[in-house]
Enquirer: 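Got a structure for you, questions after.
Residue numbering restarts at 1 for every chain, and letters A, B, ... go by the order of the sequence lines.
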Amino acid sequence: MASQDINLLKTKTSLSPQVVAVQGQLKMGSYVAIAIVIVIGVLVGVSYSLLNFQLGRIENQKKTLIAQLNTLSRKEGLYVSLKQRLPIVEKALGGQRLWGSVLQTLNSVAVPPELTSVAIDDKNVMVLTLQTNSIETTASMVNAVITLARDRKIRSPQLVALQLLEDGAVQLSISFLPAI
Amino acid sequence: MRYLRKFIRTYQGFLAPIILGPLSLILVLFGIYPAATRTYDLFNDVASEQEAVNQLRQKIANLESMDEQTLEDQLVLSTSSIPTDKNVPSLFSTVETISSNVGTTMVDLTLTSLGSLATASAGRQIEDKTFGAFLMPFTVQVTGTYEQMKVFLDQAVNVRRLLRVRTFSLNFLGEEARMQVQFDALHAPLPTNLGRVDAMIQPLTQKEEDILARLNNQQNYSRVLLEGFVPTISDSLKTDPFAP
């Protein structure tokens, strides 16, 4: 008997079942991949839009605040000027020395007329020039200087010069660093 | 042709993976990844701008809590101690008043390295980098008693116009003492620039308040005016409030 099937097209694939299975999985995988990409893309897009909107809002706030700050610029200028000046004032105050008080402590060493001159240089080294009528007075002055050094009222005392004059007078120069 | 149609018919199930797979990869590489990177950068921008806004708010709050008149008085106080320019007249009046108060006789006052009286000129100005200010050295000669010399030296560093004793030499001739003192007077110009708009502002510290209190307690023998105070602002978003 002749076949009733006149369909000349082959409906059945010639692929093996394994290949068909792989084909199905690949198809499913590709659909899932594109779906994930689309979802992520939408999420990224939405995030970007929201952040952009937020950035615009913040920038407007910033402009408003800067405009508000402009109205306070004189006050800010006063503040900045003051803040800049105070460290200079502090250093200047810290560098001042009460030299009169330092000279007062030297009264125990000598006063005029035995004290003939006092000088201080820019390294704060003080030089006393003394003139006495006797060696004994000179010795007591030197002892007084040593006492001041021991009491830490002066540092590094040095005998700079000592001269015995014809009339028996003694002239000496002593240098030291006042403890200030 | 027949074989091609057969091939396509056989493997038509692989068409979707072949198209969609690479398409996904292309979309990720050239679309998702750059967009995600840009979004991350935008997130950081938002965070930093928010931080800047918060700082501006804090700065405005701090400024509004300060009294402008108090600030001006404090600035005048500090500029009376270290003027904005050489202000030679205030120097003369200060030294002369000290000498007069103490009872000494001012024999000589010599300004050295004065340069131009107009501080804005490029004349000789000695800058002391440890102070951050300009120095104006001058020498004073006074006569009087030894006790007056001591008082003079102490008073000279206890007046509003800050002076620094660099050197001095004291010579005695009988009862009279003659002293030559080398002083440095300081001056520093006011800033002309406020700096960045987002530079923070903090209230004065206790140490700064103490400095101002100490200056306030010192005798002021000079008059220094706060003139020509016009600050400018560096940030391009801020406009000069003093512009006509």
Enquirer: How long is the straight-line distance from CG of Asn124(A) back to CZ of Arg166(B), given to the nearest 0.5 Å?
Expert: 10.5 Å
Enquirer: Gln23(A) versus chain B, heavy atoms under 4.5 Å apart: side chain, backbone, both or neither?
Expert: both
Enquirer: If you round to the nearest 0.5 Å, how far is NZ of Lys83(A) from CG of Leu71(B)?
Expert: 11.0 Å
Enquirer: Test of understanding: with salt bridge (charged side-chain N to carboxylate O under 4.0 Å, His left out), list the residues that count as partners of Glu209(B), not counting sequence neighbours.
Expert: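 Once residues adjacent in sequence are excluded, Glu209(B) has no partner under the salt bridge (charged side-chain N to carboxylate O under 4.0 Å, His left out) criterion.
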Enquirer: Does atom CZ of Phe14(B) have more than 12 heavy-atom neighbours, drawn from other residues, nucleotides or ligands, at distances under 6.0 Å?
Expert: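 Yes, the 6.0 Å shell around CZ holds more than 12 heavy atoms from other groups.
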Enquirer: Do you know which of Leu153(B), Val28(B), Asp67(B), Val46(B) has the most heavy-atom pairs under 4.5 Å to chain A?
Expert: Val46(B)
Enquirer: Taking the side chain as C-beta and beyond, is there a heavy-atom pair between Glu72(B) and Arg74(A) under 4.5 Å?
Expert: yes
Enquirer: More than 12 heavy atoms of other residues, nucleotides or ligands under 6.0 Å from CD of Gln163(A): yes or no?
Expert: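 For Gln163(A), atom CD is crowded (more than 12 foreign heavy atoms under 6.0 Å).
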Enquirer: Say you draw a straight line from CD of Glu90(A) to OG of Ser78(B); how long is it, rounded to the nearest 0.5 Å?
Expert: 13.5 Å
Enquirer: Check whether Gln155(B) gets within reach of chain A through its side chain, its backbone, both or neither, counting any heavy atom under 4.5 Å.
Expert: neither
Enquirer: Answer yes or no: is there a side-chain heavy-atom contact under 4.5 Å between Leu103(A) and Tyr146(B)?
Expert: yes
Enquirer: Could you tell me which non-hydrogen atom of Asp154(B) sits nearest to which non-hydrogen atom of Gly100(A), and how far apart they are?
Expert: OD1-N, 2.8 Å
Enquirer: CG of Leu55(A) to CD of Gln50(B): how many Å apart, nearest 0.5 Å?
Expert: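 The CG atom of Leu55(A) sits 10.5 Å away from the CD atom of Gln50(B).
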Enquirer: Between Gln61(A) and Arg57(B), is any pair of side-chain heavy atoms under 4.5 Å apart?
Expert: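 Yes, side chains in contact.
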Enquirer: Using heavy-atom distances under 4.5 Å, tell me whether Arg178(B) contacts chain A through its side chain, its backbone, both, or neither.
Expert: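 Interface part for Arg178(B): neither.
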Enquirer: So, taking the atom named CG in Leu51(A) and the one named OH in Tyr40(B), what distance separates them when rounded to the nearest 0.5 Å?
Expert: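 One gets 12.5 Å once the value is rounded to the nearest 0.5 Å.
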Enquirer: Counting heavy-atom pairs under 4.5 Å to chain B, which of Leu65(A), Leu50(A), Val127(A), Val102(A) comes out on top?
Expert: Leu65(A)
Enquirer: For Ala52(B), does its backbone N or O pair with a side-chain atom of Lys62(A) as donor and acceptor, under 3.5 Å?
Expert: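 Checking the backbone N and O of Ala52(B) against the side chain of Lys62(A), no donor-acceptor pair under 3.5 Å is found.
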Enquirer: Below 4.5 Å, heavy atoms only, C-beta onward: do Leu86(A) and Leu212(B) meet side chain to side chain?
Expert: yes
Enquirer: Would you say the side chain of Leu56(B) lies within less than 4.5 Å of the side chain of Gln68(A), judging by non-hydrogen atoms?
Expert: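 No, side chains not in contact.
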Enquirer: Among Gln96(A), Arg57(A), Arg97(A), Lys123(A), single out the residue with the greatest number of heavy-atom pairs under 4.5 Å to chain B.
Expert: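 Of the options given, most contacts go to Gln96(A).
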Enquirer: Can you tell which part of Glu64(B) gets under 4.5 Å to a heavy atom of chain A, answering side chain, backbone, both or neither?
Expert: both
Enquirer: So if I take each residue of residues 130-160 of chain A and look for any heavy atom under 4.5 Å from a heavy atom in chain B, which residues do I end up with?
Expert: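 Residues qualifying by a heavy atom under 4.5 Å from chain B are absent, so none.
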Enquirer: Roughly how far, to the nearest 0.5 Å, is the CZ atom of Arg38(B) from the CG atom of Asn52(A)?
Expert: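 Reported value, rounded in 0.5 Å steps: 7.5 Å.
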Enquirer: Heavy atom to heavy atom, less than 4.5 Å: which residues from residues 107-121 of chain A reach chain B?
Expert: Asn107(A), Pro112(A), Leu115(A), Thr116(A), Ser117(A), Val118(A), Ala119(A), Ile120(A), Asp121(A)
Enquirer: Among Val165(B), Leu25(B), Ile60(B), Ile211(B), which residue has the highest count of heavy-atom pairs closer than 4.5 Å to chain A?
Expert: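 The option with the most such pairs is Ile60(B).
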Enquirer: Is Gln218(B) close to chain A through its backbone or its side chain, or both, or neither, when contacts mean heavy atoms under 4.5 Å?
Expert: side chain
Enquirer: Name the option with the most non-hydrogen atom pairs under 4.5 Å to chain A; the candidates are Lys207(B), Gln182(B), Met149(B).
Expert: Lys207(B)
Enquirer: Using only non-hydrogen atoms and a strict under-4.5 angstrom cutoff, which residues of residues 36-45 of chain A touch chain B?
Expert: Val37(A), Ile40(A), Gly41(A), Val44(A)
Enquirer: Judged by atom type as modelled, is there a donor-acceptor pair below 3.5 Å linking the side chain of Arg85(A) to the main-chain atoms of Leu75(B)?
Expert: no
Enquirer: In terms of heavy-atom proximity below 4.5 Å to chain A, should Pro22(B) be classed as side chain, backbone, both, or neither?
Expert: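 Contact with chain A involves no heavy atom of Pro22(B) at all.
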Enquirer: Using a cut-off of under 4.5 Å for heavy-atom pairs, which of Leu82(A), Val22(A), Val19(A), Thr71(A) has the most such pairs with chain B?
Expert: Leu82(A)
Enquirer: At their closest point, which heavy atom of Ser81(A) faces which heavy atom of Leu190(B), and how far apart are they?
Expert: CB-CD2, 3.7 Å
Enquirer: Does any non-hydrogen side-chain atom of Ile201(B) lie less than 4.5 Å from one of Lys75(A)?
Expert: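 A side-chain contact is absent here, since even the closest heavy-atom pair is not under 4.5 Å.
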Enquirer: Need one label for Met126(A): side chain, backbone, both or neither, based on atoms under 4.5 Å from any heavy atom in chain B.
Expert: side chain
Enquirer: Using modelled atom types only, decide if a donor and an acceptor are shared between the side chain of Tyr79(A) and the backbone of Glu68(B) within a distance under 3.5 Å.
Expert: no
Enquirer: Heavy atoms only, distances under 4.5 angstrom: which of Leu173(B), Leu63(B), Leu27(B) has the most pairs with chain A? Name it, please.
Expert: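 Among Leu173(B), Leu63(B), Leu27(B), the one with the most close pairs to chain A is Leu63(B).
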